[in-house]
Amino acid sequence: MTYKYFPHTSEDISSMLGKCGLKSLEDLYQDIPQELVLNRDYDLPEAMSEVEVRKMFDELGQYNAQLKCFIGAGVYDHYCPSVINAILSRSEFLTSYTPYQAEISQGTLQYIFEYQSMMATLTGMEVSNASMYDGCTATAEAMMMAVANAKKRNKVLISDTMSPIVTRVVETYAKFHGIVVEHIAAVDGVTSRQDFEQKVSQGDVAGVIVAAPNFYGIVEDYTGWADLCHANKALFIMNCNASALGVIKTPGEWGADVAVGDGQSLGIPMCFGGPYVGYLCTSKKLIRKMPGRIVGATKDLDGKRTFVLTLQAREQHIRREKATSNICSNQSLMALYVTIYMSLMGKQGLKDVNALSYSNAHYLADKLSKLDKFELAYPDKPFLHEFAVKYKGDDIDYLQEAMLEAGIQFGLKLDNETLLLCATETLTKDEIDDAITICEGVQNLKSDDIID
């Protein structure tokens, strides 16, 4: 049987079978036991027209619950301008082709160059690579940069206020690269300065990794951390919420050597967990330790501005033993997404997004704090749009279930009495008030009213 979308003709198939010494395509599978062979037709629906297919998926989509999102923890519900998808689909940008041949890849190379320029500006660093898989693996790559730079040291410190997901990925990378990961203790929601100083001063640390804002949403003070790292010949690495860098102190201002994180907060839809994009920015002195590749600007034979791949440090391009990483994708489609977002929003747009998120989060925190069964977990610590609360009610699971029934995804449960809550610019005051009303209703229930 032939299929109209397959390129092989009957003659092609006969010729290939002849080379294999076979008479039919079925002979290719003759070693498979008969009891494993499916002896019936596939359970597939009848063919449908495009209109029917669209209708079917619309009906399936109605089963999805459209929830109001009060949860962050590394993935944030920010507004995504509709024009992004229109620009994203333009033929000079949207391609699966890797831009090795500059002559036919100027669109791809240009937006990667623009991405690098914007990310370097956003982080306050000197150079950016052409993006990475996600924030977790970007952080792990930064860890390996630190060890490669230190040469004879293989210990890295990571704060306990880092997202546990990022920490687990870092530890997985470390295990298979012979790297020792030690934790810096957290005290009252922030990284212990005393524990950091004691451990980095031992003189065997290659790098120190911290978060800004941290996992609990707190904006920590890292004054002097970079100096102490450098005095002990260690790199200072910061994992930062990309959107928040529009308003908080940048890694460059803190004196960091490497800035990493996830670019999802720059307008990428939550999409059930991906695809996202990781960023990695650093100083010029570490550019040859950077994984991935870099696009640079130059001029062609006619003197016109053009773009080319400048540094390519992955093993596909150079001798394996000299490669900094084996990362084989730069996630450039999602890099294009955040590039368009940043170009549309501009500096003031990012400030406005964070100002609205700040306002919503603090309004939510203030309202919750006035309820009998809620209190801020770290009331004296500054936060932007994410914070932890203690719930003194009888059943934190029942609270979240009641919220779900009302169409609200109310925070991430950290333990039996703590929720991590987030409020971005996508929430309205009325939606926050509705959530507070439900909280009031739940807290007024008696213990024997709680459903197991």
Side-chain angles (χ1 to χ4, degrees), residues 1-69 71 75-99 104-105 107-108 111 133-134 262-264 267-277 328-338 340-341 400-401 403-410 426:
M1 181 176 181
T2 59
Y3 300 87
K4 62 182 179 180
Y5 296 111
F6 288 4
H8 304 120
T9 65
S10 299
E11 291 76 15
D12 292 331
I13 295 173
S14 296
S15 176
M16 288 187 284
L17 288 172
K19 289 288 186 180
C20 297
L22 303 173
K23 295 181 179 180
S24 68
L25 291 175
E26 287 71 23
D27 290 343
L28 289 169
Y29 309 104
Q30 60 186 352
D31 293 331
I32 298 177
Q34 282 301 306
E35 60 268 22
L36 299 180
V37 176
L38 184 66
N39 293 308
R40 59 176 173 79
D41 291 334
Y42 292 114
D43 185 16
L44 296 173
E46 295 295 322
M48 290 182 283
S49 68
E50 181 179 343
V51 172
E52 291 172 319
V53 170
R54 286 181 179 273
K55 183 179 180 181
M56 181 191 72
F57 280 111
D58 286 341
E59 292 172 350
L60 288 174
Q62 293 175 11
Y63 288 99
N64 291 328
Q66 300 297 316
L67 305 177
K68 300 299 179 184
C69 187
I71 186 171
V75 179
Y76 301 94
D77 185 20
H78 286 296
Y79 168 65
C80 312
S82 58
V83 69
I84 293 180
N85 284 332
I87 300 174
L88 195 75
S89 61
R90 289 181 63 92
S91 60
E92 60 263 55
F93 297 141
L94 183 58
T95 176
S96 60
Y97 182 74
T98 304
I104 61 172
S105 306
T108 301
Y111 78 67
Y133 296 129
D134 53 41
D262 207 297
Q264 182 276 330
I268 296 177
M270 293 186 287
C271 297
F272 303 97
Y276 299 150
V277 62
C328 291
S329 169
N330 66 356
Q331 286 285 86
S332 66
L333 178 63
M334 306 318 295
L336 173 59
Y337 200 109
V338 301
I340 299 171
Y341 175 86
Q400 289 190 300
E401 289 169 8
M403 286 293 188
L404 280 176
E405 286 293 323
I408 297 172
Q409 191 175 26
F410 197 66
T426 60

What's the spacing between Asn85 CG and Cys80 SG if we round to 0.5 Å?
8.5 Å

Any heavy-atom pair between the side chains of Met270 and Tyr276 that's under 4.5 Å?
yes

On a heavy-atom basis, which atom in Ile71 and which in Gln409 lie closest, and how many Å separate them?
CG2-OE1, 3.5 Å

Could you state the interatomic distance from CE (Met403) to NZ (Lys68), rounded to the nearest 0.5 Å?
14.0 Å

Counting C-beta onward and ignoring hydrogens, is there a side-chain heavy-atom pair between Leu404 and Phe410 closer than 4.5 Å?
no

Met334 pairs by side-chain contact (heavy atoms from CB on, under 4.5 Å) with which of Leu88, Val277, Asp134?
Val277

Atom CZ in Phe93, atom OH in Tyr337: separation rounded to 0.5 Å?
15.0 Å

Distance, nearest 0.5 Å, that separates CZ of Phe272 from CG of Asn64
5.5 Å

Indicate yes or no: at least one non-hydrogen side-chain atom of Gln34 is less than 4.5 angstrom from one of Val37.
yes

Please determine whether the number of non-hydrogen atoms from other residues, nucleotides or ligands lying under 6.0 Å from atom CD of Glu50 exceeds 12.
no

Neighbour count above 12 (heavy atom, 6.0 Å) for Glu46 CD:
no

Drop me the distance from Leu336's CG to Ile84's CD1, to the nearest 0.5 angstrom.
9.0 Å

For a quick test of reading the model, state the closest non-hydrogen atom pair linking Lys23 to Leu17 and the distance between them.
O-CD1, 3.9 Å

Pairwise distance CD1(Ile87) to OG(Ser82) - rounded to 0.5 angstrom
10.0 Å

Would you tell me whether Asp12 and Thr9 have side-chain atoms, one donor and one acceptor, within less than 3.5 Å of each other?
yes

Treating Ser49 as the side-chain partner and Glu52 as the backbone partner, does any N or O pair qualify as donor plus acceptor under 3.5 Å?
yes

